Each structure stands twice: as C-alpha cells, then as structure tokens.
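Please read these numbers as outputs of a predicted model, since none were measured by experiment. Indexing begins at 1, ligand by ligand and atom by atom, following the structure's order.
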Amino acid sequence: AERNQQLRERLLELKKEKNAIILAHYYQRDEIQEVADFRGDSFLLAQKAAETDADVIVFCGVHFMGESAKILAPDKTVIIPDERAGCPMADMVNVEGLRELKRKHPDATVVTYINSSAEIKAETDICCTSANAVKVIQSLDTDEIIWVPDKNLGHYVSQFTDKKMILWEGYCNTHDMLTVKDVEEMKAKYPNAEFVVHPECRPEVIEIADFVGSTTGILKYCKESECQEFIVGTEDGTGYQLRKDSPNKKFHFATKFLVCPNMKVNNLKKLVRSLEDMKPQIYVPPHIAEKAKLSLQSMLEVK
Ligand code: 13P
Ligand code: SF4
C-alpha cells in the first residue's frame, strides 16, 4: 500500500511536469482506473484523445487504442505502459485477406470495429465501436457491408439492418468463451438478478440477456435500473465503475474467466515508469495514419 502511495505521488509530479493526461479503459486494473484522469469505453476514449489539449497522452488499454489516439491526435506524444498489451481479435484480420474480400465485393462499404490495427483502418471506409455500431450501419447509404473483425458484434448488428453483411470470422477470446450453460447456472443461483451482456458475446448468449450493450451502455443500464442485482457478461474490470456507481447493488460476473489478460498486462508501476521514461511511444507511419484517420473521423461524425 505504501509503495502504491509513493507511485501515485510520483505520477502526479510527472503529469504536471509533462502536461500529460491519463486515459484508462474500464477493463484496466483498479489501481490504474483509480489514478486515471478519464475512464471510458473505446468510443469515449477515442473522443477524449481527439479533443484533449494535453501534450502527452498516456493510454492505458490495449495497443489498438493507443494507436487510434495517435492517429486522431498526431501532434501529441502517445505513450502506453506496456507495448505487449495487444488485442487478439485485432490480430485476427490481415490486410491481404481484407483486400481480397474488397476485390470480391467492390461495391461494399468496409466497416471496421475499432479493435483493429492502423493498417486495417487504412483499408476501411468507416470505423465503429460497440457503442455506436448500429448507428454507424444505419447511417450508411449502401446495400452491402464488409464487416471486420468481430463476427459476434456483426451478427448482433445485422439484426438492426436489412443491408447484406459479409462477416469476418474474428472474435474476442474473452467474451466468446461465455456459454449459455454458464449463464443458466448463474441464473439458477441468482434468480432475482438481471443478466447484462456485451455484444462481443455469442449470439445464443445475447439471446438470453435482459440488456445488451457496450461497456458504457451496461454501466448506464445498471445504474438506472430498479433491479438491485446483476449477472454481468463482460470483462471483470468493469466491476470498478459498476460498484462505484451503485455501491449498494450486487454484481456477479458470469464466470471467473471474463478477464482479458492483455488488459491486465498494464499496472501502476509500469504506468509511472512509462511516463518517467516517455516510452514506449506509439508510432504510426504517416501514409497509414492519414488514411486511417479518415475512417476514425467519419465514425466520430456520425450523430
Ligand atoms: P467497448 O469499450 O467498446 O465496450 O469494447 C470492449 C472491448 O472489448 C474493448 O477491447
Ligand atoms: Fe481484445 Fe477482447 Fe481483450 Fe477487448 S476484451 S482487448 S476485444 S481480447
């Protein structure tokens, strides 16, 4: 505890010295969320990165999030606590495969989940996050959509549109692991609880949910619901904000495996060290960054 107190004090000094802002995703360890200037889901964090007037952005999340921040704010220095924090789903799609799909479907609009590399975003018409995916799809004047990389989110979104959606076969290792059996066991154990789920989960799991939404959607729903008890079908880091918002409500994570190991690679010590050393920094080659920025900006413009 004393060690963490020293780290927090050092962090405050460094933040001032470097005019830095600390952004943290809701899946980060509590010790990081506690010291963040701003906590958010993928969408809110991208928006914040685009708007901040700090000189340095320390992005606590996974690699693609830091990369998106750098693309949206190219003049800022973007640091991440550990460059090994990647997203396996983002790595499930490659540029060659996507180009081949585009050749097969030349009239399709490419919609890419923000959980993707800068190279993939550079091949994309418009990005989305789980918070705005339905809005993004409905804003498009096209009959055919190439959707990368999350098949589960793609399947969920396809229920809200008549457009033809060609889905890439990617998925989130963490959310895709949750099964109907897991949820049914929890429902038997906590019969009065509502089941809330992230759309990165499998279609049959989403089917039995009381509420489906992005991290921010889930937080808002649980805060406002009359219900006092929830079975939560998303990453366990969200417990920090859920309990902060509603200290008297009960939150049961649907399994103990709802933990993204990549998100947990970051910790307070690495965060302080990264700002101290000003590394690792995110670099995106300019010819890729310019194209990728258009697809991210198009997303931010969807109302
Ligand atoms: P959101 O932050 O959009 O809810 O996405 C969840 C996620 O898996 C981030 O990696
Ligand atoms: Fe990627 Fe899933 Fe981890 Fe999010 S929770 S970073 S989608 S592996």
| field | More than 12 heavy atoms from other groups under 6.0 Å of CD on E13 | value | yes
| Do T109 and T142 meet the criterion of a side-chain donor-acceptor pair at a distance under 3.5 Å? | yes
| request: Could you tell me whether Y240 atom OH has more than 12 heavy atoms of other residues or ligands within 6.0 Å of it? | output: yes
| request: Please list all pairs passing the salt bridge (charged side-chain N to carboxylate O under 4.0 Å, His left out) test where one or both residues lie in residues 157-178, with sequence neighbours left out. | output: E144-K164, K151-E169, D176-R202
| said: Is any side-chain heavy atom of F59 closer than 4.5 Å to one of K70? | reply: no
Can you produce the list of protein nitrogen or oxygen atoms under 3.5 Å from a nitrogen or oxygen of ligand 1, alongside each distance?
unit_1: ligand 1; atom_1: 2 (O); unit_2: H25; atom_2: NE2; d: 2.7
unit_1: ligand 1; atom_1: 2 (O); unit_2: S42; atom_2: N; d: 2.9
unit_1: ligand 1; atom_1: 2 (O); unit_2: S42; atom_2: OG; d: 2.9
unit_1: ligand 1; atom_1: 3 (O); unit_2: S42; atom_2: OG; d: 3.2
unit_1: ligand 1; atom_1: 3 (O); unit_2: S130; atom_2: OG; d: 2.8
unit_1: ligand 1; atom_1: 4 (O); unit_2: S130; atom_2: OG; d: 3.2
unit_1: ligand 1; atom_1: 4 (O); unit_2: H198; atom_2: NE2; d: 2.9
unit_1: ligand 1; atom_1: 4 (O); unit_2: T215; atom_2: N; d: 3.0
unit_1: ligand 1; atom_1: 4 (O); unit_2: T215; atom_2: OG1; d: 2.5
unit_1: ligand 1; atom_1: 8 (O); unit_2: E200; atom_2: OE1; d: 3.2
unit_1: ligand 1; atom_1: 8 (O); unit_2: E200; atom_2: OE2; d: 3.0
unit_1: ligand 1; atom_1: 10 (O); unit_2: N115; atom_2: ND2; d: 3.4

| So T124 and T112, side chain to side chain donor-acceptor pair (under 3.5 Å) or not? Walk me through it. | CA-CA 6 Å; T124 292; T112 296; 2.6 Å; yes
| Do M299 and T129 touch side chain to side chain, with heavy atoms closer than 4.5 Å? | yes
| message | Please list all pairs meeting ring-ring contact (aromatic ring centres under 6.0 Å, His included) that have one or both residues in residues 254-295, counting only residues at least two apart or in different chains. | response | none
| Any donor-acceptor N or O pair under 3.5 Å, side chains Q297, E301 | no
| Which residues and atoms, protein N, O or S only, are under 2.8 Å from atom 3 (Fe) of ligand 2? | C260 SG
